[in-house]
Structure formats: structure tokens, C-alpha cells
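In what follows, a single structure is set out as C-alpha cells and then discussed.
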Amino acid sequence: MTTTENPTDAPVKEIGRDRRRKEDRRLITGRTQWTDNKALTGLLHIAIVRSPFAHATIKGIDTSAAKQLPGIVAVYTAADIGADQVQLPCAWPVTKDMRSPQRPALAGSRVNFAGEGVAVVVARSAAIAKDAAELVEVDYDELEPVLDMEEALKDGATLVHPDLGTNSNAQWVFDSGEAGSGGNATEAISKAESDDDQIVVRRRFRQQRLVPVFMEPRSTVVDPTGEQLVMWSSTQVPHILKTMLALTLGLPEHKLRVIAPDVGGGFGGKIAVAPEEVVTLLVSQKLGKPVKWTETRSESLLTAHHGRDQIQDLTMSVTKDGTITGLDVKLLADMGAYLGLVGPGVPILGAFMFNAIYKIPAYRFDCTNVFTTKTLTDAYRGAGRPEATFGIERLMDEAALELGMEPMEFRKKNWIKHDEFPFTTVSTLTYDTGNYEAATDQAMQMFDYDGLRKEQAERRKRGDVKQLGIGISTFTEMCGLAPSRVLGSLDYGAGGWETAAIRMLPTGKVEVVVGVSPHGQGHETAFSQIVADQLGVGFDDVEILHGDTQSSYRGLDTYGSRSLAVGGIAVVKAAEKVIEKAKPIAAHMLEASEGDLEFAAGKFSVKGTDKGVGIQDIALAVFAAHDYPEGIEPDIDAHATFDPENFSFPHGTHLCAVEVDTETGFVSMYKYVCVDDVGNVINPLIVEGQVHGGLAQGIAQALYEEAAYDDQGTLLSGTLVDYTLPSAADLISFDTANTTTASTTNPLGVKGVGEAGTIASTPAVVNSVLDAIRHLGVKDIDMPTTPYRVWSAIQNSSGTSGRADEANVASPGAGLGSTARDMPEGGNL
Amino acid sequence: MIPAQFDYVRPTTVEEALQALRDGGDDAKLLAGGQSLLPVLRLRMADPSLIIDLGGIPELRGVREDGNEVVVGAMTSHHDVTRDDILRQHVALIQEATKTVADPQVRHRGTLGGALAHADPAGDLAAPALALEAKFVIAGANGTRTVAAADFFEDYFATAIGEGELLTEIRFPKYTGWGARYEKFNRVAQAWSIVAVAATIKVDGGTISDARIGLTNMAGTPVRATAVESALVGQSATEDNVRKAAQAAAEGTSPTADADAGTDYREHLARVLTGRAVLAAAG
Ligand SMILES: Cc1cc2nc3c(=O)[nH]c(=O)nc-3n(C[C@H](O)[C@H](O)[C@H](O)COP(=O)(O)OP(=O)(O)OC[C@H]3O[C@@H](n4cnc5c(N)ncnc54)[C@H](O)[C@@H]3O)c2cc1C
């Protein structure tokens, strides 16, 4: 950061200002360029014919009727375009012996989940394509679906991929005893079992399946008519997509250009090399014409990758005075039918997060990834970390309960104290900074924790219909993905660096080309603020360019809360290089020696004088290049790549109060406070926005959302009528605040905030629901804690409730898809 | 999502609309606000070859008094229903229920007639119409006929409107001075009812003198909670009395089980929500 000797002249610092997002005027007023807006001369449209069955062999496909339709250009089966021979990439082989099925772009002889593509129709309009897709007759032989992970692992189970010989994809184990980072957890737990001064707490939790539900459905356009093959796609990862297309399809990488224009959200759901992207490309190559694919919302819910879906068996040993002595984590993670781009690694990220903010002396993590005949799972906001945080924060409450300790006191007793940082955890990560006490103190005060506990006691005493529950989540996460060497040690298929380039234009304006690929986060604004401060130029003089591999040729895109903590630092490094390159030119222009110069507020000045020259003037001078020092290039543009040395570790304390209507089971949010430490804040408004959105998604997992399948493997929540996304009307005003311990591993001291709210909130909400009704005999409720489940848990003598108790059908009413089956003759549809 | 191809006409009178229905035969479909029909078309659960848009027929729109009745044109939007002074004064229950339908966008396009003709068991307007003993005026080739609410709803998505007919208006008796409450139970604010209870209650000097109660989504059609109604009449409107009477709410219902609710839960909700609706309406 630059300083100035005369503070009264100091320009307003951009970093820390709550700037409104500069991109919003355009986005909100609809001056957007979504992929689906792309109109090219002669553009053809495709529709994909999809399997209604979860598991079946394809006996034949009759395309003749479809081909008769006026306006149809072609109907292709997988073999016609070689789509059955494609091996869509998985970039994260988590173990050496990981079993990978071939994942085709269209199924050739066998479908493995409902919604898998089996043929593609090409037409002059999207409407004709859709009409023709309905006319393609596919003859299927149904096979047994594979739906239950535990059943799938049993001997003799039906195999999703018979050639693999098993439904187990991989088993990944971490043992702190073996790693030398702690004791042997199995021993610690068995010792505790025979120790009168310890208890052992065992719980099974379920992470239901979720759908990311980004706002903009996926869309891809491919134009093969130029020298380079150009793909526009609604993707989070244009760079990865380009390289993977080259590797997967054997295309020369320099003949490919990938563009992510405006992208309307992703939440991890657009980290993919999607089969539809490849099919669009193959069809465009086959016909030599530009081709577009745009999915419908139902297609998106059914086939875009899902997230979460784990069974967690957790065991904790703890002394009776509340000190954790061991933690054993056993996971089953549902991969679905195939492996996504990073799918098998998602649950493994949890290995580093189950120990959370606690000092756990012995730890074991054992995850088995399982194939089922469902849509594949992959990254969804938080990816592996929400699952782990949920598991540990639920278990902390359960252990506190068994110990008879106040849940916050139990946490305090076990967490890392602020003066113990940097702290190397039992799962081998080194947390650089944090202060759990400070965040918690502030949150407790904002929440009026004691006051609410009192209110809770009063309501309980009165036997109110509406009972109050309070839930805690004290979380941390690892983000800013990631140090390249660490990723290498985890067998990840790429590095974790990020790049930025700064172009100083003749008129003094600045173009910043970044390798991260925003899709709603506000990079344009935050990065402009950083550059404005670094170079001392106006916020409005900076333009952030991204998402086109022609201008931004090097990058690893946006996910894992990495854009600021990695990409933002690359921007800082590039700016430093610009200043470094400008310095000899400034010295030349000022007829001074470089050593006498200082740079502040956009200006080089000669120390102790009022002589100076602005960086924007230098940009013009090197453009003219009439007079510059010998031996250097007339150019102050710069490019930098930053490879982080560590993850960043945001943390926070989230407190939730809910009211549970004990007569109906309905849960309503009552109060939500969170104090997050995300390091230094570039733009408080954007940070708050990220937290709000994250909370909404995390709360949604706790209370509302589930991608449920019936016993045939059909997705029940196939429309937004059935997949109950909450809206603003269902949520309350959140009380958010920040404490700050700057990260010491990057020059901005930033941590990352994209996923924090999602990771932290889910257990706080579920803990609060259970806290409200435990006195009625309730022990546990599967997520989402729907009114029906809450009511059932109160009724059931077991004190639990979940999917197993429920009818496997979608609502009879509610007008839409789910109803067709029970329609009487003469109905109105 | 793209519907299958269809032809489109926009008549300006009921007569023209009926003619179009006759011409289109089996394959014609009436379009009101499109808030149920369009999703059905886009999901390709239906593919009519002719769509007859009723939006250009002024006589189907609006609310008026006619003696002891309030008459609502089939094409009156949900939004207009929620704003209407005549309805507020005389038929508050239909207004209360309409306020809970979806969101402002849907309420601006969706219509009372469309919702009732669609007859979704989870829809919110059929139970109030049944409770209010509305009359349905249906126009056809041989003029108009009037069907009582009790005979109008036949099954899931099936009504007394026959082929070649259309619903022109809904006639509500006046319930001036009655209290009204629509108690809707759903998972998120925009969702359809899991169960809902429509209650309108007349209280004279603290005593319930008359009661009309309809249940949403407790069978393929709306159900009238007659046992509760008769148990309430003559009682003072105390919490105890009302809750006791509400115990009969699930009598005569046949709810389905789905992921949101089992039959026992729906029956339980019917009892709890009936108690709440009646108390609120009587309060
Ligand atoms: C997101 C969303 C949420 C919703 N939530 C709710 C809710 O919570 N509660 C609720 O009650 N409803 C809900 N609805 C449905 C809404 O109330 C619709 O407006 C209503 O169901 C249909 O009315 P419409 O005017 O849109 O009719 P349309 O969709 O145009 O027509 C529906 C059916 O009725 C037939 N029809 C229409 N008019 C006539 C007529 N005059 N004579 C004969 N047949 C006719 C049509 O042919 C069609 O079969 C929701 C809709 C949406 C899109």
C-alpha cells in the first residue's frame, strides 16, 4: 500500500469503501449478453433426447418420424457423431486405484441415470428441435436401478458399471496417527470406551442431495466457421473447459477459443465439461455450422450436476469435563452415475474440515465414494466443507448434550485460542490467523444470547405452542483454492495459481485482464477498487476484462472462494510490476535518479521536491515512445501469476433462533446473527451480499431443499414447484458483522467470503430446530427439516424422522408435472 | 421450455368464443390467465391444436352486485379480486384466500375463473367457493346453465364444465358482516397448499350463529367440513369450543400421501388449521 507524506492530500482509499457494483446497472437493466442471446447467421438449434429410465440398455432408436418434421436438419444417435466414444474428463483421481467409468457425451448402449442423453436433434429453430425430440422412439430394456449407497456396496448388488466390478469408486483415508499429526483415533476411542472419565458419542447424519439452481440455465453456442473453433458457454471455468476440450477431443488447443459471456450464477454447478457442451461442439463440426443448445429449467434440475449427498457416521470421544480426545469420521458419498470434473474430490475436501476450529488430538477420516444410478454430484457452494461443518457442528451439540454442558461452553473449551495462531491442525493444515473468541463475543452480544435463552425457558414453562430454539455454528473453512503443490499432493489435475495482466492505455485508462471468471460476484467492482489504490488511478478509469480465452489466455477460473484471495493478489502483483516498469521512465522524465523517487497516489515524485509525473502520463509517454531510456522496452504493461503458499481460513460464529410451531411442525426463522472474519474487506457491501446469499442457500438446505428420487430412480423434485427454493418472503433480516484478523499469507490480508454463509448456517439452523423441541422427545430430524418431518419426530416414539417415513411421490396437486400420472380421464390438463 | 405448436384465436364475445370451441372440437383449449395452462403446455402434458384466448372479452371481467349476490366475471384477475370493495364488504373469504395465491406476478395474470375451472386440488379458491355456496354460470351451445358449487367440482382437475362450454361468471351469496379467514399451510411462501382451511363465520353477541368451512387439498375436490359447521353453531366462540368442534374437521375427507405430508398429517393439519381459521374468523 502506498503512503503519502501529506495526509491532508490523501486521496480517498478505494479499498474498504462500500461501492455499489459497477456492473449492476447493465445487469439489472437487461443489457446483458447471455450465451442464449447469441445470434449467428445460419445458427442451428439442438434438443437432446433423454432417457426417462434410471438404468436401462438401449435396444434401438428410431429417428425416422423425427426426421420427417419440416425444419429438421439432422437426428443423430451417439454413434453418428462419436459421442459414445468420448471420455468426459474427471480431473481429480483421488486415489491411485480410483475406478473411473467411461462417461460418454451421449449414451451408446446403456443409460445410467434418468435424464442421460441418448440422441440429439438438430433443427432450424429450438421449437422444431423440441417437437422432433418428442418423436424419437427409443426402445429400452429396463435394468434394476441402484439407489441406496449401503445396498450398492453389498455383495451381489446390481452394478451401475459392470465393467468396474463394484459400485465403489474409491476409498480415501486419512489417519492422524499414520500422518504423524496426531494420535490414533481408533485407539483413542476404544480407550475412551473403557474409561469411566470419558464418553463416546456416535451419530449418523445425512446430507441430502441438493441442486445448485443457478438463475441462468446452461447454454452453449459453437461456431466452427472461423479459423478457430469458438465456443460461448454459460460456464464458471472457460479456461479449464478449453484445455479439457483440447485434451478430451484431441483438438489443437490453439485452434480453440472459449468465451464465458455474462454468466448468471453457478454456485459450482457450472464447474464442468458438460456432455451438452461436447455434443454441441460435435454437431457443429459435423455440419460445419454454428449450433446452439439451451436447456430448460426441468432439464437443468434433472441433469446439471447435483451436490452434497452423504451418509456420515461420526464418533467422538470426550472426557466428562468436556475435552475432545478423538474423532472418527466415516463417510459414504454418492457420486451418482459418473464422475464429474472434480466430483470424487469434493467429499475428500471434508477431510481437512471435520476437525474444524477444534484441537482434536486423534483423528481418522475414511470416505468411500459410491456409484448410483442418479445424476452425478460435484461441486456445490462450499463443496465438501458444508458437509463437514454440518457433521462436526451437529456432533458438538450432541456431545455437549450428553455431557450436560452448555453447547457454547463446550466449543470454547476445545477451540484454538487466539494466541495459539498460527496453528497446525490434526489434519495438517496451518491456520494463519483467527480469533474465535472475538467473533463469538460479538455475536453473542448482538444476538442477546442470554435474553433468548431466558425467553426460551419461559415459553417452555408456559407450554407455548410456538417453542423457541437456539442453534450455534462456530465454523472455519479452507478457501482460496489453492497452493499448487498442495493440490499436487492431493492428485488434483491442475494447479491453483491465478494470473492478471494490466494494460496501461495511451489515454491513461487501465485494462485489467484476469484469469478468474466472475458470474455474479462483483469482481469488476472489487478489482477496480484494488487497482485504483495500487496505481492511484480513478475507480472509473479501470476496466476488468475476463471470460474470453483470447484476451485472458491464462487462468484457472472462479470457484472455492479463490477470486480475491488468489486472483486479487495476482492483480496486486501485476500492479507492482507496472510501477516497477514505470520507474526508470519516470526517472528519465524527471531527470532524477530512480533512488530519489517515491510512488504515491498515482504519481512518482522526487523526494523533498514538488517535481513529479503521474503514471497515466507515463502511459502516454511510452505509447509515443519518442523519448525513453536506453536498454528498456517502451511498455509498462505487466503480467503476473500468483501461487498462494497457503489456503485462507475465514471463520465466524453463527447464531440462529427459530420458532417451531409444535402443533404443525412449521419452522420459522426468528433471529439470525453472524459475525464473520473474512480478513481485510475490500468492499463491505459485496461482502454482506455474499454472506446474505450464502445464508439463504445454507438455510435452504436446513429447511427447504431436497433433490429426492422415487424407488424407480425418477427425480421427484423435477420442477421448481417440487424443489422448494425459498424466497425473500421466507427469510428474515440477517444481522451480520465482521471481526478482522488479517490473513498473513497474502499482501491484501484477505481471506475469501464466497462460501462462508453456506458453510456455516446449515448446522446453526438444524441445531436450533432440535433445540426447540428436544424436550418433546425429539432426537434428530433429517434435512430438510420440513414441517412434516418435525411433526413426525414429535409424534414418533423414536424421536426421529426422515425420508424413509415418507411417501415417494410428488404432490398430487400443485398443478404440474408430478400430477400427470394420477389424472382421471376428463381432467382438465 | 417450448410448447408444441398450436393455432391461436382471440374472440371478443362469449358467442365467438363458443363458436371457436365448437370449431376446434376436442382439440381446443381455453386460455384465461395462462398461469396453469402455460406450464402444462410447456411441460407438454397437453398439446391442444387451438388456443382460444378469453382475454379479449370485456363482459367476462369485473365484479358487480346483483340483488343478494355478488357476481364475479370468470376473467377477473386475482389482483382485481384482492382489491375489490364489493367483495371486501360481502364476500371477504374469497378475497382472503386470493391474497395467498402465489406472488404478485401470478396474481396479476391469473383469474378466478381459470383457477376454478382448472380445479387443482391444491388450488386455494375452490374450497372458499364451495364454503360460500357459490354458483357457477356456464355458457354452451344451448345457452347458459347454473351449477351449484357442490356439483361443480367432480375430481382432480375435473369439473362440471362440459365439452364446448365455458365458465362465464361465479355468483356468491352475500355474507355481509361475517368474519373470514383463509388459513393456508405451505412450505415456502410461494408454494401451493399442503392443506388449507377456508372459514367464514357469523357471530352474534359472542355466539356463533352460522359457519361455512371448506378444506383445500383434503381430497381430489374441495371438501365442506359440515360436521364442524354444525358443531359450532350455537356455541360461544371460545378457544375451547372451537378446538373441540374442529376435531371433526377431517371427517369425510380422503387426503393423499406425498413427500410433503402423509394422510394422518393432513388430517391432523385439517383439525389444527380449522381451529385457527374459525377462531380468527370469529375474532
Ligand atoms: C408460480 C405459480 C404459483 C401458483 N401458486 C398458486 C397457489 O398458491 N394457489 C393457487 O390457488 N393457485 C396458484 N397458482 C395458479 C394460479 O392461481 C392460476 O392463475 C390458476 O390456477 C389458473 O388461472 P388462469 O387464469 O391462469 O387460467 P389458465 O391457466 O389460463 O387456465 C387454466 C385451465 O382452466 C381452463 N379455463 C380457463 N378459463 C376458463 C373458462 N372461463 N371456462 C372454462 N375453462 C377455463 C383452461 O382451459 C385451463 O385448462 C400458481 C401459479 C403459478 C404459475
Side-chain angles (χ1 to χ4, degrees), chain A residues 47 125-131 134 296-299 465 661 663-666 700 703-704 706 708 710 716-717 719-722 724-730 784 786-788 791-792 795 803 805-820 822-829, chain B residues 1-5 29-30 35-37 39-47 103 117-123 154-159 161-163 185-195 216-217 219-220 255-266 268-269 271-273 275-276:
Chain A
S125 77
I128 298 170
K130 179 81 188 159
D131 285 346
E134 304 256 302
T296 65
R297 178 61 68 186
S298 315
E299 235 178 337
V465 167
D661 183 328
E663 283 182 342
T664 64
F666 193 83
L703 297 178
Y704 305 118
E706 176 168 22
D710 71 8
L716 291 170
S717 31
T719 73
L720 290 181
V721 173
D722 308 293
T724 37
L725 281 180
S727 66
D730 300 292
T786 63
Y788 183 31
W791 179 80
S792 299
Q795 306 303 312
R803 265 226 78 64
D805 316 324
E806 292 161 12
N808 252 331
V809 292
S811 335
L816 297 175
S818 35
T819 59
D822 339 314
M823 282 282 304
E825 283 298 315
N828 245 342
L829 294 190
Chain B
M1 302 201 219
I2 303 165
Q5 269 195 22
K29 202 93 184 102
L30 297 169
Q35 297 305 291
S36 292
L37 184 59
V40 164
L41 297 185
R42 289 160 68 127
L43 288 164
R44 297 192 172 219
M45 293 164 57
D47 51 356
D103 51 41
H118 189 58
D120 188 318
E154 294 180 341
D155 204 340
Y156 291 94
F157 304 99
T159 68
I161 304 170
E163 208 164 289
F185 193 79
N186 52 0
R187 288 197 44 211
V188 291
Q190 299 188 40
W192 296 68
S193 290
I194 294 172
V195 175
T216 298
N217 216 10
T256 50
D258 58 43
D260 286 332
T263 52
D264 53 345
Y265 181 51
R266 277 207 164 83
H268 168 79
L269 283 176
R271 291 187 284 266
V272 170
L273 300 176
R276 291 181 184 182

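Being a predicted model, the structure only gives us computed values, none of them experimental. Each chain gets a letter, A, B and so on, in the order the sequences are listed, and its residues count up from 1.
For chain B, the nearby part of Glu134(A) is the side chain; its heavy atoms alone come within less than 4.5 Å. The part of Arg44(B) that comes within reach of chain A is its side chain, from C-beta onward, which places non-hydrogen atoms under 4.5 angstrom from that chain. For Ala126(A), the parts sitting under 4.5 Å from any heavy atom of chain B are the backbone and the side chain alike.
Atom CD in Glu663(A) sits 4.5 Å away from atom CZ in Arg276(B) (nearest 0.5 Å).
Between Lys130(A) and Ile2(B) the shortest heavy-atom distance is CG-O, 4.0 Å. Closest approach of Leu43(B) and Ser298(A) over heavy atoms only: CD2-OG, 3.7 Å.
Not a single donor-acceptor pair under 3.5 Å links the side chain of Arg187(B) to the backbone N or O of Pro787(A). Of the possible donor and acceptor atoms, one in the side chain of Tyr788(A) sits under 3.5 Å from a partner among the backbone N and O of Gly262(B).
Among Leu720(A), Thr724(A), Leu725(A), the residue with the largest count of heavy-atom pairs under 4.5 Å with chain B is Thr724(A). Of the listed residues Thr296(A), Ile128(A), Thr786(A), Thr664(A), the one with more heavy-atom pairs under 4.5 angstrom with chain B than any other is Thr664(A). When each of Asn186(B), Leu273(B), Asp103(B), Val188(B) is scored by its heavy-atom pairs under 4.5 Å with chain A, the top score falls to Val188(B).
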